[in-house]
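Structure first, then comments.
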Amino acid sequence: QKEVEQNSGPLSVPEGAIASLNCTYSDRGSQSFFWYRQYSGKSPELIMFIYSNGDKEDGRFTAQLNKASQYVSLLIRDSQPSDSATYLCAVNGRGSQGNLIFGKGTKLSVKP
Amino acid sequence: SAVISQKPSRDICQRGTSLTIQCQVDSQVTMMFWYRQQPGQSLTLIATANQGSEATYESGFVIDKFPISRPNLTFSTLTVSNMSPEDSSIYLCSVDRGSEQYFGPGTRLTVT
């Protein structure tokens with residue numbers, strides 16, 4: 001069974017620090033990797049996706065992928081209290097579209 | 001991105017009844033997906049809905065319990081049938097836009 005594992009947290013960081021969120025996946029055939037942010041009571045919001053090994057940067061966010069280690073991470077630089085949310089890692093499942101398999105999420109708390 | 005709306009946004013239903021959730025997208029999409037997020041849990045895919053064909057259900061989900069309609073390329077419904085308290089969840093529809101998947105605002109269902 002395909003699985004996506006995340007540390008549930010909570011992960012607490014001070015404002016301005018770097019938050020590092022980690023995710024491992026079991027299916028070596030996974031090709032697409034996504035990070036979603038979910039505020040309490042809201043639906044998930046896509047913040048990053050990555051397909052190739054290495055780093056992908058978008059503003060304060062950097063996604064890192066290592067397919068050999070089956071590991072994907074999200075770094076949030078200059079963390080803000082507004083970044084406090086649950087971060088969900090997702091990988092593609094069967095087929096080339098949709099069928100995302102989600103981890104249980106890491107709850108991040110950024111302290112002012 | 002995609003503009004996705006869902007109705008109702010929330011409902012409280014009695015055990016044994018059924019609820020139909022509607023999902024509307026701002027432009028045509030091939031596939032629509034229905035997920036469930038139980039309290040404190042991550043997202044689980046219920047089924048994939050293609051226009052013009054039967055929905056494809058994931059393991060643990062059956063058509064009799066979660067019938068789905070997909071009458072056109074911008075609309076889908078999910079019915080939660082013969083509800084029990086265990087069906088209390090947030091139900092989310094999502095769509096693909098290229099390589100990215102976007103979620104609707106969700107329907108929060110409470111079964112008493």
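Every chain is numbered from 1 and lettered A, B, ... according to where its sequence line falls, protein lines coming before strand lines.
- Between atom CD of residue Glu45(A) and atom CZ of residue Phe103(B) there is a gap of 12.0 Å, rounded to the nearest 0.5 Å.
- Residue Tyr39(A) is not grouped with residue Val13(A) when hydrophobic side chains (ILVMFWY) are merged at heavy-atom distances under 4.5 angstrom, including chains of intermediate members.
- Here the CG atom belonging to Leu100(A) is positioned 10.5 Å from the OG atom belonging to Ser42(B), to the nearest 0.5 angstrom.
- Hydrophobic clustering (ILVMFWY, side-chain heavy atoms < 4.5 Å, transitive): Tyr51(A) and Tyr36(A) are in one cluster.
- Across Pro105(B) and Ser43(A), no two heavy atoms sit closer than the pair CA-OG, 3.8 Å.
- A distance of 12.5 Å separates CD in Gln101(B) from CZ in Phe49(A), rounded to the nearest 0.5 Å.
- Criterion: ILVMFWY side-chain heavy atoms under 4.5 Å apart, direct or through other members. Under it, Leu73(B) and Val25(B) are not part of a common hydrophobic cluster.
- Annotation for Glu54(B): atom CD does not count as buried by contact number, only 12 or fewer foreign heavy atoms lying within 6.0 Å.
- Within the 4.5 angstrom heavy-atom criterion, only side-chain atoms of Leu92(B), from C-beta onward, approach chain A.
- Residues Trp34(B) and Phe75(B) do not share a hydrophobic cluster, defined by chaining ILVMFWY side chains whose heavy atoms lie under 4.5 Å apart.
- Taking CG from Leu46(A) and CZ from Arg97(B), the interatomic distance works out to 13.0 Å, rounded to the nearest 0.5 Å.
- Between the CG atom in Leu43(B) and the NZ atom in Lys104(A) there is a gap of 13.0 Å [rounded to 0.5 Å].
- Contact count versus chain A (heavy atoms, under 4.5 Å) is highest, among Gln41(B), Glu100(B), Gln37(B), for Glu100(B).
- Val62(B) and Ile46(B) fall into different hydrophobic clusters, where Ile, Leu, Val, Met, Phe, Trp and Tyr side chains are chained together by heavy-atom contacts under 4.5 Å.
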